[in-house]
Amino acid sequence: MEEKLRTLLRKALAELGGEGAEEEAGFTVPPNPEHGDLTTNAALVLAKKLDADPRKLAQNVAEELRKAPGAAAVDVAGPGFVNIRLADALLFDSLREALARGNDYGRGDEGRGARVQVEFVSANPTGPLNAVNARAAAYGDALARLLEFTGHDVAREFYVCNVGTQMDLLGQSVRARLAELRGEKAEIPDGGYRGEYVIDLARRLHEEGKISDGEDVAKLAAAAAAEIVARQRADLADFGVNFDLWFCEDSLYPADVETAKRVAAERGAVYEKDGALWLKTTAAGDDEDRVIVRADGRPTYFMADIAYHLNKYERGFAKAIDVLGPDHHGHVKKLYAMAELLGLPAGWLEIIISQQVNLLEGGEKVKMSKRAGNLVTMREVMDNIGVDAARFFFLMRTPAAHLDFDLELARTQTPENPVYYAQYCHARVESVKQEAGAETAEASPEAADLAALNLAEERLMARAVWEFPKVVASAAARREPHRLTAYATNLAALFHNYYQHHRILQAPSEAELRARLVLTRAVGQTMKNALRLLGVSAPSHM
RNA sequence: GCGCCCGUAGCUCAGUCGGAUAGAGCAGCGGCCUUCUAAGCCGCGGGUCGCGGGUUCGAAUCCUGCCGGGCGCGCCA
């Protein structure tokens, strides 16, 4: 149907003399149903190019589009929009499709099996995950789910930075706590980790015989990091997020780092200055060149990053998406520059910053500090408001925006979380199905006469179900899962309204009853799919 | 100082890459449960889209200058 419309539009524009106008002008689903089911601003775009009257052009476009089968009405509106109202039957077909495809309804093949890697969270193995990590986890996982659902072959990866200064500090912190456990006086070093968890960690590692008092800092750090990573993995699993690979930075040494250094050198992207080796990132838009190997021969963190991305590329991913935390947005330029300098395909690397979370407690800002050890953990967030509510809450926002998270509000107003509104819709559908009995509920959608759906509310729901695949495709393409939370809320509103005003099972006729059941089940299925993409459960009872 | 992000209803946030009368949740006020789950529904009030210019048929959206908030700017990771 849409293909047909597109063809007609192209034809109309060509006849009107608008070369290439169809590139800018497509069909969108207008938010206001009064503006039809599909709309195009083609005439407005064309009017600009030709310096002509948009309403007049719109009339011509409309005339052409009226030839499309399935276009029940085509009108010119506003300054020159062409609004198309689709035949009801077309929308109702999507109800059958939703039931026929079930959990696959909305699935697309835009990715055509392309292998995509999504790297997210990637917290340092020096402590428990915090609220910012939780947001990144919810976002990265939902994005991965969206990409999978649109035909990509997705790998979720967590980069464990288990090399460098912070490992040393972790080791020293553990050693100090071990000394304290023996009753000795010990100092946590400057910049060390003072959180309670280090004490527990030291005690447990000691009791389990994994470390002994005399071991060196590096070994203490490694043992501690292993424990911390295991804990992070368990927390994430409880949050519904599972990674395909936990990639440890130390595994890049020495082979991958040497390879990266060689590749950079071969491409003439490095030079020596002050005894150090520099990458010419300014040649690719960065503000200054970056050191990759220090004068004493030790590679920098950035060097490891280069090796890591080259490693990703060599593993055959068609695209790598890095979801980075707010403290990394200073790295974006040099990472893009690095990708260009190493000759990685344009667009291969995509960086998304998952912004910070301002924690509030009853309106008061909570200062988080790893040193003080008073950070709000992901575990606390989960325990306070639950996994579904937390994930939905984080996914309601665009990743780029900072967001305020009031713990007290979250605790006291948990039932107000919009996630329950959407879940309740699904539960009500299940309730209706159950009440209708297996026989009626399983009545074949093919046999039902959906033309019996003659209420405006019913058409609106069918329209929403019909729109779902488009929403999925757009959310995936734009890397914006929050479009789905908005969609779910909207679909729930339509259903709740319908449910309240019309007794679904007390339909005036048998035909209407069957049609309503098909509609209701299709709404339930669509809601379930939307929630699943967000990583939120779809309960049958609430 | 430089860079990135953000200023939209009392609060938290959307706003489909420049479109139609700027939306939702929460909070406030007033209604609705002998009937498929009231975690719901209906109604009301609430906005100079931070401020000023500019671009054009048309700007919350693009450009520019301010104001305000956050973060980042090591041969740390």
Side-chain angles (χ1 to χ4, degrees), chain A residues 24 28-32 34-35 39 41 44-45 47-48 51 53-55 77-81 83 124 126 161-169 191 249 273-278 287-288 290-296 298-305 325-333 353 355-356 358 360 363 393 396-406 409 413-425 427-436 470-471 474-475 478 480 482-483 485-486 489-490 492-493 495-506 520 541-542:
Chain A
E24 301 175 40
T28 55
V29 180
N32 184 350
E34 286 174 20
H35 296 148
T39 187
N41 62 346
L44 291 161
V45 173
K48 188 170 223 160
D51 195 25
D53 177 15
R55 293 219 29 134
F81 293 103
N83 295 335
N124 284 339
T126 53
C161 302
N162 59 349
V163 173
T165 328
Q166 86 269 18
M167 284 294 96
D168 191 48
L169 288 168
E249 183 181 353
K273 192 181 89 180
D274 305 334
L277 192 65
W278 299 66
D287 303 321
E288 50 185 305
R290 310 289 173 174
V291 171
I292 55 175
V293 183
R294 301 176 179 90
D296 63 10
R298 287 154 50 233
T300 62
Y301 172 73
F302 185 44
M303 179 76 251
D305 240 359
D327 50 336
H328 281 75
H329 71 243
H331 296 224
V332 175
K333 268 189 185 173
I353 299 291
Q355 268 297 353
Q356 66 189 85
N358 298 320
L360 309 173
F393 180 84
M396 283 193 296
R397 278 78 180 181
T398 83
H402 301 188
L403 91 85
D404 286 357
F405 187 90
D406 194 316
L409 220 59
Q413 301 187 340
T414 294
E416 316 303 340
N417 190 305
V419 71
Y420 300 106
Y421 188 74
Q423 289 181 318
Y424 190 44
C425 165
R428 276 181 152 176
V429 168
E430 289 303 308
S431 170
V432 170
K433 279 164 66 175
Q434 192 165 359
E435 190 68 24
K470 298 179 203 301
V471 175
S474 138
R478 292 165 181 264
E480 292 180 346
H482 75 274
R483 286 169 190 282
T485 57
T489 304
N490 181 252
F495 184 76
H496 286 313
N497 177 290
Y498 177 62
Y499 182 93
Q500 201 75 30
H501 293 102
H502 304 281
R503 306 288 303 175
I504 295 170
L505 297 178
Q506 288 169 20
T520 300
H541 302 280
M542 290 181 73

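In this text the structure is predicted, and so the values were computed from the model without any measurement. All chains are named by letter (A, B, ...) in the order of the sequence lines, taking the proteins before the strands, and each is independently numbered beginning at 1. Excluded from the calculations below are hydrogen atoms, water molecules and symmetry mates; all remaining heavy atoms, backbone and side chain alike, are included.
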Tell me whether the OP1 or OP2 atom of [N] has a side-chain N or O from [X] closer than 4.0 Å.
X	N	answer
A:H482	B:rG15	yes
A:R397	B:rC6	no
A:Y499	B:rA39	no
A:R294	B:rG74	no
A:N497	B:rC42	yes
A:T398	B:rA14	yes

Is [N] paired to anything, Watson-Crick or G-U wobble with both distances less than 3.5 Å, and if yes, which nucleotide?
N	answer
B:rA38	none
B:rG74	none
B:rG7	B:rC67
B:rC57	B:rG19
B:rA14	none

Under the 3.5 Å rule, do the base of B:rA20 and the side chain of A:N83 count as making a donor-acceptor pair?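 By the distance-only test, yes, there is a pair.
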Do the side chain of A:H496 and the base of B:rA39 come within less than 3.5 angstrom through a donor-acceptor pair of N or O atoms?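 Absent.
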Using the [atom1] atom as the point on both nucleotides, what is the distance between [M] and [N], in whole Å?
N	M	atom1	result
B:rG58	B:rU21	C1'	15 Å
B:rG54	B:rC17	P	27 Å
B:rC62	B:rG68	C1'	22 Å
B:rU35	B:rA27	C1'	33 Å
B:rC66	B:rC2	P	9 Å
B:rA38	B:rC33	P	12 Å
B:rG31	B:rG50	C1'	38 Å
B:rU8	B:rG47	P	15 Å

A:M542 vs A:R428, test: side chain to side chain contact (heavy atoms under 4.5 Å, CB included). Steps then yes/no. CA-CA 9 Å; A:M542 290 181 73; A:R428 276 181 152 176; over 6 Å; no
Mind checking [X] for me? I need base, sugar-phosphate or nothing, with any heavy atom below 4.0 Å counting as a touch.
X	result
A:P79	base
A:A401	sugar-phosphate
A:D274	base
A:E249	sugar-phosphate
A:V163	sugar-phosphate
A:A427	base

Could you please name the option among [options] that lies closest to any side-chain atom of [X]?
X	options	value
A:P418	B:rA77, B:rG25, B:rG19	B:rG25
A:H329	B:rC41, B:rG70, B:rU35	B:rG70
A:Q506	B:rU35, B:rA77, B:rG25	B:rU35
A:L403	B:rG15, B:rC13, B:rG69	B:rC13
A:A276	B:rC75, B:rC13, B:rA77	B:rC75
A:D327	B:rG72, B:rA38, B:rC5	B:rG72
A:K333	B:rU35, B:rG3, B:rA20	B:rG3
A:H501	B:rC36, B:rC42, B:rG70	B:rC42
A:R428	B:rA38, B:rA39, B:rG69	B:rA38
A:E34	B:rU21, B:rA20, B:rC41	B:rU21

For A:E435 and A:V293, find the nucleotide of RNA chain B closest to each by heavy atoms; which residue's nucleotide sits nearer the 5' end?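 Final value for this comparison: A:E435.
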Between atom [atom1] in [X] and atom [atom2] in [N], what is the gap in whole Å?
X	N	atom1	atom2	result
A:N32	B:rA22	CG	P	12 Å
A:R483	B:rA14	CZ	C1'	10 Å
A:Q500	B:rA39	CD	P	11 Å
A:R503	B:rC41	CZ	P	16 Å
A:L44	B:rU56	CG	P	17 Å
A:Q423	B:rG40	CD	P	12 Å
A:R298	B:rC76	CZ	C1'	10 Å

Is_stacked (A:Y421, B:rG40) at 5.5 Å, 30 deg: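 Ring-base stacking flag not set for A:Y421 and B:rG40.
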B:rG72 base stacked by A:H328? Criteria: ring centres under 5.5 Å, plane angle under 30°.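 No, aromatic ring not over the base.
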Please answer whether the main-chain N or O of [Y] pairs with a side-chain N or O of [X] as donor and acceptor at a distance below 3.5 Å.
X	Y	result
A:N32	A:E34	yes
A:T39	A:T28	no
A:H501	A:Y498	no

Tell me, do A:I353 and A:V332 make a side-chain contact under 4.5 Å, heavy atoms counted?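 Sidechains of A:V332 and A:I353: in contact.
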Hey, does A:F495 have a side-chain heavy atom less than 4.5 Å from the side chain of A:V429?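 When only atoms from C-beta onward are counted, A:F495 and A:V429 do touch, with a gap below 4.5 Å.
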Is the shortest side-chain N to carboxylate O distance from A:R298 to A:D296 below 4.0 Å?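 Salt bridge flag = yes for A:D296 with A:R298.
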Do A:Q356 and A:N358 get their side chains close enough for a donor-acceptor pair, meaning under 3.5 Å?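 A donor-acceptor contact under 3.5 Å links the two side chains.
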Is it the case that A:R397 and A:H402 place a side-chain donor and acceptor less than 3.5 Å from each other?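 No, A:H402 and A:R397 have no side-chain donor paired with an acceptor closer than 3.5 Å.
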Identify whether the glycosidic angle of B:rC33 places it syn (within 90° of 0) or anti.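 What B:rC33 shows is a syn base, its glycosidic angle lying within 90° of 0.
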Least distance between heavy atoms, A:R483 atom then A:S474 atom: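 Closest approach of A:R483 to A:S474, heavy atoms only: CD-OG, 3.5 Å.
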